[in-house]
Amino acid sequence: VSRQALESALSGLLEERRGFYSKAHMTVDTRRKSPFQVAMDVARQVGADGPGQVCADGPGQVCADGPGQVGAGGPGQVGADGPGQAVAARIAGFGDVNGGREGILPLGERSYPVRISQLAGFSGLGGFLDEVLPTSDRFVLVDEQVLGLYEQSLRRALQPGPVRFIPLPSGEEAKSLSRTEECLERLLLAGATRSSAVVAVGGGSALDAAGFAASIYMRSIPVVYVPTTLLAAVDAGIGGKNGVNLRQGKNMAGTIFQPRGVFVPLRVVEKEVETRGGHDGAAELLKICLIAGEPFDRIRTLARRGGRIRASRLAEAVELAAACKMAIVSRDERDDKGERVVLNLGHTFAHMAETASRYRVSHGRAVAWGLVVAARVSVGLGMVPAGFETRVEELCRHFGLWPPPMALPVELLQGPLLDKKRVGGTLPLVLFGKAGRPVVTRFGVEEAGKLLLSGMSPILVPGA
Ligand SMILES: NC(=O)c1ccc[n+]([C@@H]2O[C@H](COP(=O)([O-])OP(=O)(O)OC[C@H]3O[C@@H](n4cnc5c(N)ncnc54)[C@H](O)[C@@H]3O)[C@@H](O)[C@H]2O)c1
């Protein structure tokens, strides 16, 4: 059938049916829209709060009783009513799509799909961008090292159409205000306008830096995240937090700006785990499993002794972590309802350790250290039975994240004073409560500092 014949048949039909259509309760214009965008329009019109209500058993339902409520049988206990089922329910929030799995993070009109692609390299990315972005005028902000490794694969996935790369310095180096300024200027010089979009490709640092730049460029342009490290796939890519570091501390300047979609190229992440070890990502995975109440025995099976996540379990691990984070973010997008803060488990201490070590301790290792500190403090306060801390330590050891790599200087004490979660004179600490569930407790800043230090002894060294 020729295009002309088709168009004429369709306009005939339209005329014939116009009378009926005018009686419809709602009309959705589907022209030049992806199925996802059409679904969003329908959801908006029927008054549903976006796909959160449409996909009733989607991620929003995962930890319906609040994060950490799963696993009532106690940490590490695998019970019939235990987390096994919760995992199944959570995974059910994702469905099969062409070449992978996809779930929707329900945030009303800011809802977006998270796709875990099993295709080679970045295949499928172009189609995904067509679905979620309103424009084909795209600029790819990409970690320079990732560009070096994958330029051809990225180019192939993004063609046809112009492929414009703007390399970002590799890793944490991208996360400063001066680098942000450079990046904004390069976008401007490359011709990006208010109707352009950014595709951010790289680890957590590149996504944080590019997401921040997109959120302020000409007062914000859309961004899609393409995480290439395990850490970014299980954590940094989801939830819309971005930012850069100040001299005094990590992530001290930034915004919460949701991407239009997240595309996880699983084969690329698999290679990253193979070549870089994926320890930082494993630590965040461990954290999120503890928050979700995953049984310790089950968490252990995700990694080989020494910490490398098993390739055969990678897809499951990424989906599990992503779904859990999506559930939490969907209930507390702006981190002001007291739910999202549980994701901070281990992080107050981790940020102290990273800053005090001048970033010689990597984020993931610092997080694992922070998990043990939180467990020790919780035991010290009588919130969980003695022995819990040893089990967390043992789990971190299995993941190759324990013992900690170095002693830290006493300046660490300044950490809580600079923590951005501080409100007035108090700081919320995420600790382990009954049955190992994460609980948030506020302490005076000094007391919080002392508690955290008590949890890290005997590793504090004056003048280290
Ligand atoms: N926004 C959030 O919610 C959030 C959450 C957790 C962590 N983070 C941030 O994430 C950052 C850490 O991210 P990260 O651990 O992904 O590291 P990273 O982005 O700093 O990258 C580390 C190194 O890995 C390289 N790399 C990236 N992808 C690769 C690949 N596929 N193959 C080989 N090398 C690759 C990079 O070039 C870099 O040298 C921190 O700055 C942290 O604050 C943000």
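In each ligand, atom 1 is the first atom listed, and ligand 1 is the first ligand listed.
- If you number the atoms of ligand 1 from 1 as listed, the ones under 4.0 Å from a heavy atom of Lys250 come out as 40 (C), 41 (O), 42 (C), 43 (O).
- Ligand 1 places these atoms under 4.0 Å from at least one heavy atom of Glu172: 20 (O), 40 (C), 41 (O).
- Any N or O atom pair closer than 3.5 Å counts here, and Arg276 shares at least one such pair with ligand 1.
- For ligand 1 and Asp235, the ligand atoms under 4.0 Å from any heavy atom of the residue are 5 (C), 6 (C).
- Contact annotation for Thr228 and ligand 1: heavy atoms of both the backbone and the side chain come within less than 4.0 Å of the ligand.
- Contact annotation: His279 has no heavy atom less than 4.0 Å from any atom of ligand 1.
- Counting only non-hydrogen atoms, the option in Asn245, Leu231, Val273, Asn251 that gets closest to atom 12 (C) of ligand 1 is Leu231.
- Between Tyr225 and Phe263, the gap from one ring centroid to the other reaches at least 6.0 Å.
- Between Lys241 and ligand 1, at least one pair of N/O atoms sits closer than 3.5 Å.
- Atom OG of residue Ser111 and atom CD1 of residue Ile104 lie 7.5 Å apart, to the nearest 0.5 angstrom.
- Of the residues His351, Glu172, His347, His363, the one that meets the side chain to side chain donor-acceptor pair (under 3.5 Å) test with Lys250 is Glu172.
- Judged by the 6.0 Å distance and 45° axis criteria, Arg437 is not positioned over the aromatic ring of Phe432.
- Ligand 1 has a nitrogen or oxygen under 3.5 angstrom from a nitrogen or oxygen of Ser205.
- By heavy-atom distance, the residue among Asp208, Ile256, Leu168, Leu207 lying nearest atom 44 (C) of ligand 1 is Asp208.
- Inclusion of Asn242 in the set of residues having an N or O under 3.5 Å from an N or O of ligand 1 is not warranted.
- Contacts classified as side chain to side chain donor-acceptor pair (under 3.5 Å) and involving residues 211-223 (residues at least two apart or in different chains) are given here: Ser215-Thr255.
- Within ligand 1, counting atoms from 1 as listed, the ones closer than 4.0 Å to a heavy atom of Lys325 are 3 (O).
- Under the 6.0 Å distance and 45° angle rule, Arg164 counts as a cation-pi partner of Phe139.
- Annotation: side chain of Leu371 is not in contact with side chain of Trp369 (no heavy-atom distance under 4.5 Å).
- When Pro265, Gly240, Ala236, Gly281 are checked for heavy-atom proximity to atom 5 (C) of ligand 1, Ala236 turns out nearest.
- Counted by atom type alone, Thr301 and Arg313 present one or more donor-acceptor pairs between their side chains at under 3.5 Å.
- For the pair Glu270 and Arg267, the salt-bridge criterion is met [side-chain N within less than 4.0 Å of a carboxylate O].
- With ligand atoms numbered from 1 in the order given, ligand 1 contributes 31 (N) to contacts under 4.0 Å with heavy atoms of Val268.
- Shown here are the side chain to side chain donor-acceptor pair (under 3.5 Å) partners of Glu333, two or more places apart in sequence or in another chain: Arg110, Gln258.
- Residue contacts with ligand 1: Thr275 is placed with no nitrogen or oxygen under 3.5 Å of a nitrogen or oxygen of the ligand (distance criterion only).
- Arg155 and Glu151 are joined by a salt bridge, as a carboxylate oxygen and a charged side-chain nitrogen come within less than 4.0 angstrom of each other.
- Residue-ligand proximity, Thr229 to ligand 1, at heavy-atom distances under 4.0 Å covers atoms 14 (P), 16 (O), 27 (C), 28 (N).
- Less than 4.0 angstrom separates some heavy atom of Ser170 from each of these atoms of ligand 1: 36 (C), 37 (O), 38 (C), 39 (O).
- For ligand 1, the atoms closer than 4.0 angstrom to any heavy atom of Leu149 are 32 (N), 33 (C).
- Using modelled atom types and a 3.5 Å distance limit, the side chains of Asn251 and Lys241 yield no donor-acceptor pair.
- Ligand 1 has an N or O atom lying under 3.5 Å from an N or O atom of Gly204, backbone or side chain.
- By the criterion of a heavy-atom distance under 4.0 Å, the side chain of Lys175, and not its backbone, is placed next to ligand 1.
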